[in-house]
> 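Can you read through this structure? Questions will come right after.
Numbered from 1 within each chain, the chains take letters A, B, ... in sequence-line order. Since we're looking at a predicted model, the values are computed, not measured.
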There are 2 protein chains.
Amino acid sequence: MFTHSEENYLKAIYHLSQQQEGGVSTNSIADKMETKASSVTDMIKKLAEKQLVDYVKYQGVTLTKKGEKVAIKIVRKHRLWEVFLVEKLNFTWDEVHDVAEQLEHIKSEKLTAELDAFLEYPTEDPHGDPIPDKDGLIKKSKRVTLSEIEVDERCFCVGVHDSSSDFLQYLDNHNIRLGKKMKVISKEAFDGTMVVRLKKKELPLSSRITNNLYVKKI
Amino acid sequence: MFTHSEENYLKAIYHLSQQQEGGVSTNSIADKMETKASSVTDMIKKLAEKQLVDYVKYQGVTLTKKGEKVAIKIVRKHRLWEVFLVEKLNFTWDEVHDVAEQLEHIKSEKLTAELDAFLEYPTEDPHGDPIPDKDGLIKKSKRVTLSEIEVDERCFCVGVHDSSSDFLQYLDNHNIRLGKKMKVISKEAFDGTMVVRLKKKELPLSSRITNNLYVKKI
DNA sequence: CTTTATTTTTAGATTAATCTAAAAAACAAA
DNA sequence: TTTGTTTTTTAGATTAATCTAAAAATAAAG
Ligand SMILES: [Mn+2]
Ligand SMILES: [Mn+2]
Ligand SMILES: [Mn+2]
Ligand SMILES: [Mn+2]
């Protein structure tokens, strides 16, 4: 149905739309995909031809309903495969992304459906991101970043915003994983640095960290 | 490392080398891959550049050691995925091939190794074909085609030569699957048609069938 | 409301994988 | 061994995805 590349663009546009309001700019797509703006313009035209995006020159793009459906299917497959890799094949949460980037393009309705069943219909991937169901519905949780938690409040880790290998390994090294409970001990007004208590150990976390860690209050 | 297309060519050349002696012809590759001879020539040149095949104009190609190693890795992944689909995801043996054709190109040493372990190191795929181990070693069984079995001898099904969906469904419809025991009742000298007994039912099988079904004598 | 800076698009090339049609080589037969 | 057939290779085009460099449009300052 769609090429590898088309699917990657649709997914990138989808993710960017989630963060910003309104249309997605050519440059932001180029940045995310590590490609050049001119390549993006070319692809956008192709996607517009196929009615997957709405595009007005110089005005950015938005996904059409059809384009969004395709994007969500890719995201669904990506996250299901990530669960598979962690749950069944002993991958750690920092190892799954690159492989899932490949697996998300495998085309087989049956494969996706059976994988979903095999994993017992998971609702979140190893990074705490929601997995769209077979109809594309996404249950979004009311998570906040750790930086938004006040001093003396308690919370637990439910996901990460940045799922780069470096960041995930940093978290592993400090024993922070999904479900981990913590209490905010102090918060520096100047640069947002926080001290949190995990079990007994106190740990200082820069805003670089606290802005990328999703938690829920207890 | 290698493109999708390069991998497909290497695999095709590998399979053709198994059947025939000596080099593989341009046309036979074109047939197998459902492409044109001129495309094959182009790709062969590329593979020769990369030292994956030995190629002399007009003389056909053979895989180099390096090329064979790559091909066997693809075959290994293809067959491991087929086992996964049948054993874990409720696919039937006639449904797995197309999906495995896609999955075989996923690049991750860890994925292959862990999948192998997860499946408990299978030695055969759902069609009875041997699965190369992590070092590329292939345990080849001394199977023969049903057509080679004599009247009154007993045997059991260990694989298929043709794994097209049509053929596999034909077998399913007549309750022939891996491990199925049968006895040769009669054999027509003229066209090779056989009658075999399965459990109690007798079944006539044309040479089209008996040449594509692998068995072992009991 | 100009001028400048940034963003986006176009123009023109490149690489990979394919094709058709024509030429060249190899094989087979008379 | 000449001639005809088949196979294989080359020549030239096409499509997809990318790039660089230049032009055009928009946005931001002054
Ligand atoms: Mn991911
Ligand atoms: Mn994820
Ligand atoms: Mn197969
Ligand atoms: Mn098989």
> Can you confirm whether the side chains of A/Gln19 and A/His15 place a donor and an acceptor under 3.5 Å from each other?
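Looking only at side-chain atoms, A/His15 and A/Gln19 do not form any donor-acceptor pair under 3.5 Å.
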> Is B/Phe167 close to B/Asp94 at the side-chain level, that is, under 4.5 Å between some pair of heavy atoms?
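Sidechains of B/Phe167 and B/Asp94: no contact.
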> Between atom NZ in B/Lys57 and atom C1' in C/dA23, what is the gap in whole Å?
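Rounded to the whole Å, the gap is 12 Å.
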> Nucleotide range of DNA chain D contacted by chain B, 5' to 3', under 4.0 Å to a heavy atom?
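Contact span on the strand: D/dT7 to D/dT10.
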> Taking ring-ring contact (aromatic ring centres under 6.0 Å, His included) as the test, write out the residues that go with B/His127, two or more places apart.
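Scan of B/His127 (ring-ring contact (aromatic ring centres under 6.0 Å, His included), adjacent residues dropped) gives none.
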> For residues A/Asp172 and A/Trp93, is any side-chain donor paired with an opposing acceptor at under 3.5 Å?
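The answer is yes; a qualifying pair exists.
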> NA contact type, B/Ser5, heavy-atom cut-off 4.0 Å: base, sugar-phosphate, or nothing?
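Sugar-phosphate, backbone atoms only, no base.
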> Is it the case that B/Asn8 and B/His105 place a side-chain donor and acceptor less than 3.5 Å from each other?
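A pair is found: one side chain offers a donor N or O, the other an acceptor, under 3.5 Å apart.
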> Could you say whether A/Lys36 or A/Gln59 is positioned toward the 5' end of DNA chain D, judged by the nucleotide with the nearest heavy atom to each?
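Per heavy-atom nearest nucleotide, the more 5' residue is A/Lys36.
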> Are B/Phe84 and A/Phe84 close enough that their ring centres sit under 6.0 Å apart?
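Aromatic pair counts; centres sit under 6.0 Å.
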> Any luck finding a side-chain donor-acceptor pair between A/Ser147 and A/Asn211 under 3.5 Å?
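Their side chains do contain a donor-acceptor pair, which is all the 3.5 Å distance test asks for.
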> Check every strand shown and say whether A/Ser39 touches a base, only sugar-phosphate, or nothing at a heavy-atom separation below 4.0 Å.
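Base: the residue A/Ser39, judged by heavy atoms under 4.0 Å, touches a nucleobase.
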> Within residues 21-35 of chain B, which residues have any heavy atom lying less than 4.0 Å from an atom of DNA chain D?
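Heavy-atom cutoff 4.0 Å gives B/Ser25, B/Thr26, B/Asn27.
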> With distance as the sole criterion, is a donor-acceptor pair present between the side chains of A/Asn27 and A/Ser25 under 3.5 Å?
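The answer is no; no qualifying pair exists.
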